[in-house]
2 protein chains.
Amino acid sequence: MPTTDDDHAEHLRPDQGADPHITLTGRLADRDSWRADNCPIVAALDVIGTRSAFVIMREALYGASRFEQFVKRTQLSEPIIATRLRELTEAGLLAKEPYREPGERTRNAYRLTEKGADLLPALTALFSWGTRWQLSSRPPVELAHSDCGGLVTSVLYCEHGHIVDPSTVELRPTRNQRDGTARSPSEADPKRA
Amino acid sequence: MPTTDDDHAEHLRPDQGADPHITLTGRLADRDSWRADNCPIVAALDVIGTRSAFVIMREALYGASRFEQFVKRTQLSEPIIATRLRELTEAGLLAKEPYREPGERTRNAYRLTEKGADLLPALTALFSWGTRWQLSSRPPVELAHSDCGGLVTSVLYCEHGHIVDPSTVELRPTRNQRDGTARSPSEADPKRA
DNA sequence: TCACTGGCTATGAAAAAGCTAAGCCAGGCT
DNA sequence: AGCCTGGCTTAGCTTTTTCATAGCCAGTGA
């Protein structure tokens with residue numbers, strides 16, 4: 001196979017399957033000229049960046065709302081469950097709601113909020129990824145669409161209704177809503193050196 | 001508002017917006033009768049369950065492949081970067097490939113593999129979630145579909161081509177491929193007490 | 001009033017994640 | 001041969017996560 005002396009060879013994508021990263025466009029193309037301050041992924045991980053938080057959110061999405069349910073279903077320790085439930089409630093992913101069974105005293109339920117439920121695509125994507133790549137056999141449970149019975153995964157989708165192939169995803173400077181002008185990365189990131 | 005003494009009131013979903021968890025069906029409906037052993041989400045977190053792993057995968061998807069690039073772009077420490085790169089390579093998400101610039105000695109590049117690239121839906125979902133719920137202003141960058149320019153997120157999608165509303169997602173026992181018979185949870189989970 | 005109990009908190013400990021700083025070393029150039 | 005340097009590793013440390021265990025306490029029923 002002939003080799004190339006092209007200085008840009010490293011930046012090119014010689015083989016879609018070989019190095020399938022997304023394309024950085026505009027001023028983002030030079031990745032070392034900007035920092036990923038205010039990264040939304042890191043912002044998400046500020047709330048749910050521990051293994052125990054993921055597991056608790058899994059059970060919240062599976063319908064758990066009471067402290068004892070989280071204890072039984074996650075196998076995490078009580079101090080950790082209490083701490084995570086408090087943090088997730090303070091962050092708005094769960095809402096503490098008093099409820100009372102007849103003959104028993106008032107307790108609190110940790111109800112899933114819209115903010116918490118909106119993690120379903122992320123957890124579904126991890127569910128699919130883990131199923132495909134990590135488990136040696138199919139898991140005993142699967143996610144399905146109750147309307148039609150089809151299996152559910154998370155896919156990349158654009159606002160124009162296209163299923164987006166990963167090779168056609170690009171990272172670009174955020175555009176102002178009104179005129180489409182790209183915002184300077186530093187414009188929205190005055191913090192941090 | 002009248003209250004109900006219905007014993008099943010807690011299990012019902014009185015308000016779709018109030019408690020938007022997914023529906024457990026079949027023998028999974030009694031959540032305390034099975035354990036989430038071999039959970040694909042936990043299996044995924046075995047590989048990528050640290051904040052630093054997420055950040056490194058972000059940069060790999062943004063095109064980083066050299067050790068120094070990960071150092072500059074993540075602000076993580078070198079020992080941690082080296083450890084995570086080794087672990088992600090051993091797990092198959094990155095592939096170590098020697099390359100050589102003219103006049104320089106051979107180095108290794110950490111190339112994204114198909115397995116690694118398949119985390120894009122999960123990272124995109126976290127990107128969207130963080131954008132919507134955590135950042136006080138829009139991030140300076142956005143994900144777009146290069147074919148049409150539309151913004152990209154992760155959505156729930158079923159194998160029959162439907163965009164799936166979260167309220168129509170269910171967790172069900174995995175069906176055998178041939179005859180659709182559900183597998184017993186213990187069938188695939190002989191391990192762990 | 002007393003016993004019970006669900007939902008925590010407190011304590012101490014272990015392990016993991018992450019950091020700073022220093023150092024090693026192989027291989028390229030002079 | 002010697003110097004330089006990118007890519008690590010090592011050592012020591014801090015912080016975070018997580019655990020086991022014990023205990024507290026408010027509120028309910030007897």
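For A:Y110 and C:dC8, the shortest distance from a side-chain N or O to OP1 or OP2 is below 4.0 Å. Distances shown here put every side-chain N or O of A:K72 at or beyond 4.0 Å from the OP1 or OP2 atom of C:dG6. Note on A:R107: a side-chain N or O is less than 4.0 Å away from OP1 or OP2 of C:dG7. Considering only side-chain N and O atoms, A:K96 lies nowhere under 4.0 angstrom from the phosphate OP1 or OP2 of C:dG7.
C:dA17 atom C1' lies 15 Å from atom CG of B:L45, rounded to whole Å. Distance CD (A:E87) to P (C:dC8): 14 Å, rounded to an integer number of Å. Distance, A:D46 CG to D:dT16 C1': 14 Å, rounded to whole Å. Taking atom OH of B:Y99 as the reference point, atom P of D:dG6 lies 11 Å away to the nearest angstrom. Atom CG of A:L85 is separated from atom P of C:dG6 by 17 Å (rounded to the nearest Å). Atom CD in A:Q69 sits roughly 13 Å away from atom C1' in C:dG7 (whole-Å rounding). Computed from coordinates, the B:I81 CD1 to C:dT20 P distance equals 11 Å when rounded to whole Å. The distance between atom CD of B:E101 and atom C1' of D:dG7, rounded to the nearest whole Å, is 15 Å.
Here the closest non-hydrogen pair linking B:L85 and B:F67 is CD1-CD1, 3.8 Å.
Listed candidates were D:dT17, D:dG7, C:dC19. Nearest to the side chain of B:F67 is D:dG7. Closest contact between the side chain of B:I80 and the listed nucleotides C:dG18, D:dT9, C:dG28 involves C:dG18. The side chain of A:T50 has D:dT18 as its nearest neighbour among D:dT18, C:dG18, D:dC8. Residue A:P79 places its side chain closer to D:dT21 than to any other of D:dT21, D:dT18, D:dT28.
Distance alone, capped at 3.5 Å, is enough to place a donor-acceptor pair between the A:T174 side chain and the B:V141 backbone.
A:E59 and B:R31 are joined by a salt bridge, as a carboxylate oxygen and a charged side-chain nitrogen come within less than 4.0 angstrom of each other. Remark: B:D32 does not engage A:K72 in a salt bridge, criterion side-chain N to carboxylate O under 4.0 Å.
Using cut-offs of 30° and 60° for the angle between ring planes, the B:Y62 and A:W34 rings count as tilted.
With the nearest nucleotide of DNA chain D identified for both B:T83 and A:S52, B:T83 has the one nearer the 5' end. With the nearest nucleotide of DNA chain C identified for both B:Q75 and A:E78, A:E78 has the one nearer the 5' end. Position along DNA chain C of the nearest nucleotide to A:R86 versus A:R105 favours A:R105 as the more 5'-ward residue. The residue among A:L76 and A:E104 whose nearest nucleotide of DNA chain D lies closer to the 5′ end is A:L76.
Using a 4.0 Å heavy-atom distance criterion, B:S77 is classed as a base contact.
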For a side-chain hydrogen bond (donor to acceptor under 3.5 Å, both in side chains) check, start with the C-alpha distance between B:T25 and B:T23, then their side-chain angles and the critical distance, and finish with the verdict.
CA-CA 6 Å; B:T25 63; B:T23 306; over 6 Å; no
